[in-house]
Amino acid sequence: MSDIPLSQLPVGGAGLVVRVEAPGPIGGRLADLGFLPGTPVSCLRRAPLGDPRVYELRGTQICLRSQQAVQIRVRVDG
Amino acid sequence: MEPVPAGIRLGLLGSPNSGKTTLFNALTGLRAKVGNYPGVTVERREGTAQIDGTRVEVIDLPGTYGLDAMSPDEAVVTQVLRGTAPGIAAPEGLVLTVDACSLERSLWLVAQALRLELPTCLVLTMTDELAARGGQLDLERLRAALGVPVVGVVGHRGVGLDAVRDLLRSPSSWERPVLLPPEDPAERQDWMTSVLERVVVRRPGSDRTTAAIDAVVLHPVWGSVLFATVMVFFFQLIFAWAAPAMDAIDAGVGALASASRAALGPGLLSAFVADGLIAGVGSVVIFLPQIVLVFAVLHLLEDVGYMARAAFVVDRLMGRLGLEGRAFVALLSSYACAVPGIMAARTVPSPRHRLVTILVAPLMTCSARLPVYALLIGAFVPATLAWGPLGWQGLTLLGLYVLGAVAALVAAAVLNRTVLRGESMPFILELPPYRIPPLRLWLSQVWGAASAFLRRAGTIILIASMVLWVLLSFPRMEAPAGTTESEAARLALEQSFAGRLGHAIEPAIAPLGFDWKIGVGLVASLAAREVIVATLAQVYAATEDDEVSLRDAVRADRDPRTGERVFTPATVASLLVFFVFALQCTSTLAVMRRETNSWRWPAFAFGYLLALAYGASFLTYRIVDALSS
């Protein structure tokens, strides 16, 4: 088990949200989108130019730029 | 006067893609009133539903994922719901739309909405998609857990809508929660978990159809190819395929003007009707083909689910400029015309990004600049080959396009860091499942865009074109006997307010290499950029339809005092550069006013683009003048 930034989750990989480190309204907006502690999240794909990436969580698909994804810590196996 | 029976006011709240707009349209039909909330660029939509004689006013609030973390623009949602928005009465009840497949996420918004303590009911949409994905929810338990009425619907098929209508008549009788969901985020999350444990019978699986389509549409190679194809098609559509309809409108307006001239005979009334009124209405209607086409395609792509994907594909590029993926389409539209382009910026969810997009859209080389470029390039750039099959004329035109695009990108980056600086909300894009949009919804959205343009921007464009007609036609003078018709027109223009304005601004534009004749053209081109061609034709007493005679006239023109050519290479280059930057278009200003709900932003755009045009033209004039002497 180890904690990594969501931005480092490989395409096809999955983990659990540990915490959102973004300050103020940005952290609030990420919570609105379902990035809450304990939420399972997986990385579906990345854009042709590498960024942003699509994540699946809580029955939805959300695109985040690495700028935001780096502020979300996820726990992955191994 | 009889008192109007007081209606019920309801707020309609939900996250983007939750079926909110479909429900709004199903309830209110095509009678939505569209406007802006005071002081912000957020669109305000209200509609009325008649349910068994009860008048229900529905406020369609902008889609939102939560009520706590909001930008100042978005905060208007909570202000409306709390009744603190100036001049807007608080709703008596709240209708929440939640996509049945994303209940796990949406309960967060539901919890926040319930804390507003308004009578609330929950409409669970897309219940057919939930079933197709193998999911199942217990609606009775959801009602019990939340303590508010719950209705499941399939909005586009009308399933469950009667139950919703029935409910909306009496918000005061809705069941109210005994206990409000907790405010603390951690406790709220526990509350969500416990509600979900009770109501989710089976979680929906992933959407296989969407996954299969996305494997191609978002593929690194095929996704990029598809994106380019769709954008080329879109560009072609507004640039070339709208042309026949626009030409037909142009011809129709011309024929109508001639017919009225013939019917009314010579005189002021005839000139007013033909050149002022009919031409003015024509200058509004001419935009309709592009607006209808842009919005038909835009809404189709949006409703199907492709627009979010296109934004995803191109976001990296736009992100470097401080914009987001969706701005791409608006800027692309602006190559045809900034008017539909600025309207297309509505698809950009972040108000700040939307404003930046609107402010830089006029820099894209619109089709109205082409006649100006064609005249000047045709007259002054040699038609010889420069390199391989490439001619100097084509390269010059390409250079002007590139200059405009680069200027737009730089302006976007600068605006983001200066005028519109401030903490921005993160780029957020949900990829909705692919859906077949209901035809009715699509048509009503296209109609909404077209009618909003006609009502809000159309009146300003009409007034502006009438004012310009007055400037160009008054004071009226009788031409001396024996002058030809074109000579008489030239004299009339020189004596007009516009002609005097041209003389008056000559000292200001002389450093750019422009004389008073170009000044008159610049004043007249405020109606639309291409008008400068017709105006110059009139100034030079050339026949308007004869391009060659105008070309020869501007080439041969010499300053009466110095005997030097008026259109030196430096002047031509300076004028071309001026047209790349300057916002010489009242229609664009009118539509900016409509979209931003204030004169502040059109004034700002006009000012910064004029400063840019002046500076760039001045430099160009000096540099080319030094090089060519």
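Naming convention: chains lettered A, B, ... in sequence-line order (proteins, then strands); numbering from 1 in each chain.
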**Request:** Could you check B:Ser18 against B:Thr97 for side-chain hydrogen bond (donor to acceptor under 3.5 Å, both in side chains), going step by step and ending with a plain yes or no?
**Result:** CA-CA 6 Å; B:Ser18 65; B:Thr97 54; 3.0 Å; yes
**Message:** For the interface with chain A, which of B:Val314, B:Asp207, B:Asp214 has the highest count of heavy-atom pairs at distances below 4.5 Å?
**Reply:** B:Asp214
**Request:** Among B:Arg133, B:Gln189, B:Glu430, single out the residue with the greatest number of heavy-atom pairs under 4.5 Å to chain A.
**Result:** B:Gln189
**Message:** Does the Lys NZ or Arg CZ of B:Arg309 fall within the cation-pi geometry relative to B:Tyr434 - under 6.0 Å from the ring centre and within 45° of the axis?
**Reply:** yes
**Request:** Could you tell me which portion of B:Leu431 (side chain, backbone, both or neither) has an atom closer than 4.5 angstrom to a non-hydrogen atom of chain A?
**Result:** both
**Complete:** The interface call for B:Ala215 against chain A, heavy-atom contacts under 4.5 Å, is backbone
**Request:** Would you indicate whether B:Arg82, at its atom CZ, is surrounded by more than 12 heavy atoms from other residues, nucleotides or ligands within a distance under 6.0 Å?
**Result:** no
**Asked** Where on A:Glu56 is there a heavy atom nearer than 4.5 Å to chain B: the side chain, the backbone, both, or neither?
**Response** side chain
**Message:** In terms of relative ring orientation, are A:Phe35 and A:Tyr55 parallel, tilted or perpendicular, with 30° and 60° separating the classes?
**Reply:** perpendicular
**Point-to-point distance, once rounded to the nearest 0.5 Å, from CH2 of B:Trp108 to CD of B:Gln112** = 6.5 Å
**Asked** chain B: which of A:Gly59, A:Ala31, A:Gly34 shares the most heavy-atom pairs with it under 4.5 Å?
**Response** A:Ala31
